[in-house]
4 protein chains.
Amino acid sequence: MNEKRPKYMQIIDAAVIVIAENGYHQAQVSKIAKQAGVADGTIYLYFKSKEDILISVFREKMGQFIERMEKEIQSEHTAEKKLSRLIKQHFSLLSENQHLAIVTQLELRQSNLALRQKINEILKGYLFILDDIIQAGKESGEFKQSLDVRLARQMIFGTIDETVTTWVMNDQKYSLDGLAEDIHQLLIYGFHAANNQEEILQ
Amino acid sequence: MNEKRPKYMQIIDAAVIVIAENGYHQAQVSKIAKQAGVADGTIYLYFKSKEDILISVFREKMGQFIERMEKEIQSEHTAEKKLSRLIKQHFSLLSENQHLAIVTQLELRQSNLALRQKINEILKGYLFILDDIIQAGKESGEFKQSLDVRLARQMIFGTIDETVTTWVMNDQKYSLDGLAEDIHQLLIYGFHAANNQEEILQ
Amino acid sequence: MNEKRPKYMQIIDAAVIVIAENGYHQAQVSKIAKQAGVADGTIYLYFKSKEDILISVFREKMGQFIERMEKEIQSEHTAEKKLSRLIKQHFSLLSENQHLAIVTQLELRQSNLALRQKINEILKGYLFILDDIIQAGKESGEFKQSLDVRLARQMIFGTIDETVTTWVMNDQKYSLDGLAEDIHQLLIYGFHAANNQEEILQ
Amino acid sequence: MNEKRPKYMQIIDAAVIVIAENGYHQAQVSKIAKQAGVADGTIYLYFKSKEDILISVFREKMGQFIERMEKEIQSEHTAEKKLSRLIKQHFSLLSENQHLAIVTQLELRQSNLALRQKINEILKGYLFILDDIIQAGKESGEFKQSLDVRLARQMIFGTIDETVTTWVMNDQKYSLDGLAEDIHQLLIYGFHAANNQEEILQ
DNA sequence: GATGAATGAGCTTTCATTCAT
DNA sequence: GATGAATGAAAGCTCATTCAT
């Protein structure tokens, strides 16, 4: 797709830059076209509508994101290490691409509910990875049996997302990567089967 | 303010209803005026601009929210119990006011960056409460000394926020209150000084 | 309506002028607004859409047209004289208002089918007058009993319309009024009961 | 032209179908190209512009129309019978080709003034036939000397055209052919020299 | 203080036409 | 001759804000 339809990715990448630099509501189609080096009308040979561009941005980037994430995680064999790797990878990928971080954490959230729901649909691919890790941890005995997968997933995703958003809103002025291990530790404690003496005490 | 300028709160409350029922982008000033039972122009006797209405909505509602939260928490005397109370209270207040939940979790997030930053400013009042609890927990020895206050706060807030947003996006169809204790447990494990044998092992 | 909502008729009249002078497809809303001396947005306080302006132009003008036509016709007491008066009046009203003639004969016919059908709906008011005259003529014995009302109506309207359109397309450079009596004569022959000897001969 | 340049007629016929089925304003060049089974660009090897296609549609079809009409009429030897034959033929040709009827009666009239004037130019070929019949009728003594050729032609054409348009707008749901003789009768009365006693009486 | 009619800037999308292959 | 990807100009409508009454 990248090779055969160079303009498609060209427009996607232009959209990321334009949205990051101008903000969601100032990202006119004509600006994206100019940034991509094509005519306004050319956009509509590759995308049905402006909304389609925005969804495609998220789909393509999140697709790559998830793909790389899955590859990284495979190399680890415990749930704990998988989770550690995932957090590091998440922070690292967004640290590398500042524009994308701004777009996903701040700008695309300004979209209307319909678009947000489509984005959420795509996000599910990421949440499934989290669910798989948690589930695997429970099955291997690493995580306690009483762990609620949905709550654990919300805690992990909520914490990561809040951390990245805070970092972006602070103009990315500190290192995100440095936080990964601490966050991992904080998250993991509550999951451990090793805490079962406390579980019993409750 | 409430007594002397009844229309002020009338407009604020109208804004919450209109935004919740129509969505952020369909919440025109004229709709808010109609819902409030005043003329369009009257809005501008009480608010500088539409943005001012929205910030005021958040400020007023979050003000009440924080006030009630602080009162609730005072009655508890350990950090852990304070946190437990806070989560329950957070869930309970939003469960009681479905319109407000929609507005704060979904609609106001569609606003532009400038407004979002002002909202974040107001949110800090809430985050300070969290910081105080965490800090108190560390000082009392309940929480481990190595606990990073900022990370802990992001974990708490991120988890709560993600949980509420998921609940709202699922049309509030399950009980939020029922989740409070489990979330509290998951969060608190990582904070405990009792886990220090693991802390040492790292 | 004219007194109470001066801007409504102001915009209608502006639309007639702009369409006549620029053509249907060059009659942008902004041009109509400028001609009417109001802001673009003001148009939308009085009309739902551009199409609504165009239909309203036709409705208002045709309304006046029909009203005056009915008044004129009442003063005559035979079907033949009513028809004569109607043709003269039709030509006279369009001769007096050259812009309106261009708009109704040429420009509004360029509209899409949906609009054309709404225009036809309004036109029915005029066609009913024709039907009434023809019917009255049959009942009074002036016109032959075998006269098909629909065909007679189509002949009258078709002839008048074709005549006016030809006149407008020739830049209104000859007198339309002068043709009325001849056309009336041509039309009326076929209707006469007096021709019944021929009717029998067929 | 038909033999040597098969694509020319292919495109003309495609245009008739596309316009009839989609309407004038939805008949994009790309749709016509697709229907004709050629590339968009190919259109421009045979036609200067979109307007040129539309004029050519009218010219080709009206050319055939006039040709067949002239042949039909030659076989009759009185003006009255020629006219009768012409009306029947007119109705019959359009009844046979429903697409063409829609295109000529409704869709092409939505074109701009410039195109309409070119169409009128072509139409003159048809109007000349009418003029010839009327003139011949006057010379043979069938029609009265006082008959105004232009008025008579407008009456004939206006009546036929209005009748066909009404029929098309009613979805061609009744037989057009059945109306021919009645219309002919209505038209012809006014032309007759036989009515001259009435002419004198006026 | 209250009203609400009037303002006018701003943007997505379509489609006839071109031209390199 | 044939293709079809690329071009880019052009316009209806909304809505926050004002201000005369």
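Chain naming here is simple, since letters A, B, ... match the order of the sequence lines and numbering starts at 1 in each.
What separates OH of C:Tyr8 from C1' of E:dA6 is a distance of 19 Å, to the nearest Å. In this structure, the CD atom of C:Gln10 is 16 Å from the P atom of E:dA5, given to the nearest Å. Counting to the nearest Å, the P atom of E:dT7 and the CD1 atom of C:Ile43 are 10 Å from each other. Straight-line distance from the OH atom of B:Tyr24 to the P atom of F:dC15: 13 Å, rounded to whole Å. Note: CD1 (B:Ile32) to C1' (F:dC15) measures 12 Å, nearest angstrom.
In the set E:dA6, F:dA5, E:dG1, the nucleotide with an atom closest to the side chain of C:Leu45 is E:dA6. The side chain of B:Ala39 has E:dG4 as its nearest neighbour among E:dG4, F:dG1, F:dA5.
By the side-chain hydrogen bond (donor to acceptor under 3.5 Å, both in side chains) test, C:Asp13 pairs with C:Lys61, sequence neighbours left out. In this view, D:Gln10 satisfies the side-chain hydrogen bond (donor to acceptor under 3.5 Å, both in side chains) rule with no residue, not counting sequence neighbours. Judged as a side-chain hydrogen bond (donor to acceptor under 3.5 Å, both in side chains), and not counting sequence neighbours, the contacts of A:Gln26 are A:Gln28. Residues satisfying the ring pair (Phe, Tyr, Trp, His ring centres under 6.0 Å) test with D:Tyr46, not counting sequence neighbours, are none. Shown here are the side-chain hydrogen bond (donor to acceptor under 3.5 Å, both in side chains) partners of B:Lys118, two or more places apart in sequence or in another chain: B:Glu51.
With hydrogens and angles disregarded, a donor-acceptor distance shorter than 3.5 Å links the side chain of B:Ser56 to the backbone of B:Asp52.
Listed pair B:Tyr46 / E:dA2 meets the phosphate criterion, a side-chain N or O lying under 4.0 Å from OP1 or OP2. Close to E:dA2, at under 4.0 Å from its OP1 or OP2, lies a side-chain N or O of B:Lys7.
As judged by a 4.0 angstrom heavy-atom cut-off over every strand, C:Phe47 is placed among residues making no nucleic acid contact.
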Show me the donor-acceptor pairs, under 3.5 Å and distance only, between side chains in residues 104-113 of chain A and residues at least two apart or in other chains.
{"from": "A:Thr104", "atom 1": "OG1", "to": "A:Leu100", "atom 2": "O", "distance (Å)": "3.1"}
{"from": "A:Thr104", "atom 1": "OG1", "to": "A:Ala101", "atom 2": "O", "distance (Å)": "3.4"}
{"from": "A:Gln105", "atom 1": "NE2", "to": "A:Asp161", "atom 2": "OD1", "distance (Å)": "3.1"}
{"from": "A:Gln105", "atom 1": "NE2", "to": "A:Thr165", "atom 2": "OG1", "distance (Å)": "2.8"}
{"from": "A:Glu107", "atom 1": "OE1", "to": "A:Tyr24", "atom 2": "N", "distance (Å)": "2.8"}
{"from": "A:Glu107", "atom 1": "OE1", "to": "A:Gln110", "atom 2": "NE2", "distance (Å)": "2.7"}
{"from": "A:Arg109", "atom 1": "NE", "to": "A:Thr104", "atom 2": "O", "distance (Å)": "3.1"}
{"from": "A:Arg109", "atom 1": "NE", "to": "A:Gln105", "atom 2": "O", "distance (Å)": "3.1"}
{"from": "A:Arg109", "atom 1": "NH1", "to": "A:Asp161", "atom 2": "OD2", "distance (Å)": "2.9"}
{"from": "A:Arg109", "atom 1": "NH2", "to": "A:Asp161", "atom 2": "OD1", "distance (Å)": "2.8"}
{"from": "A:Ser111", "atom 1": "OG", "to": "A:Leu108", "atom 2": "O", "distance (Å)": "2.7"}
{"from": "A:Asn112", "atom 1": "OD1", "to": "A:Ala114", "atom 2": "N", "distance (Å)": "3.2"}
{"from": "A:Asn112", "atom 1": "OD1", "to": "A:Leu115", "atom 2": "N", "distance (Å)": "2.9"}

* Structure fact -> Taking Watson-Crick and G-U wobble contacts under 3.5 angstrom, with | marking pairs to another strand and [ ] crossing pairs, the secondary structure of DNA chain F is written .||||||||||||||||||||
* **Under 4.0 Å protein heavy-atom contact, by nucleotide of nucleotides 13-21 of chain E - B base, S sugar-phosphate only** => BBSSBB---
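Here the closest heavy-atom approach between residue C:Asp40 and residue C:Ala33 is recorded as OD1-CB, 3.5 Å.
Listed by first and then second residue, the salt bridge (charged side-chain N to carboxylate O under 4.0 Å, His left out) pairs that reach into residues 14-31 of chain C come to none, sequence neighbours excluded.
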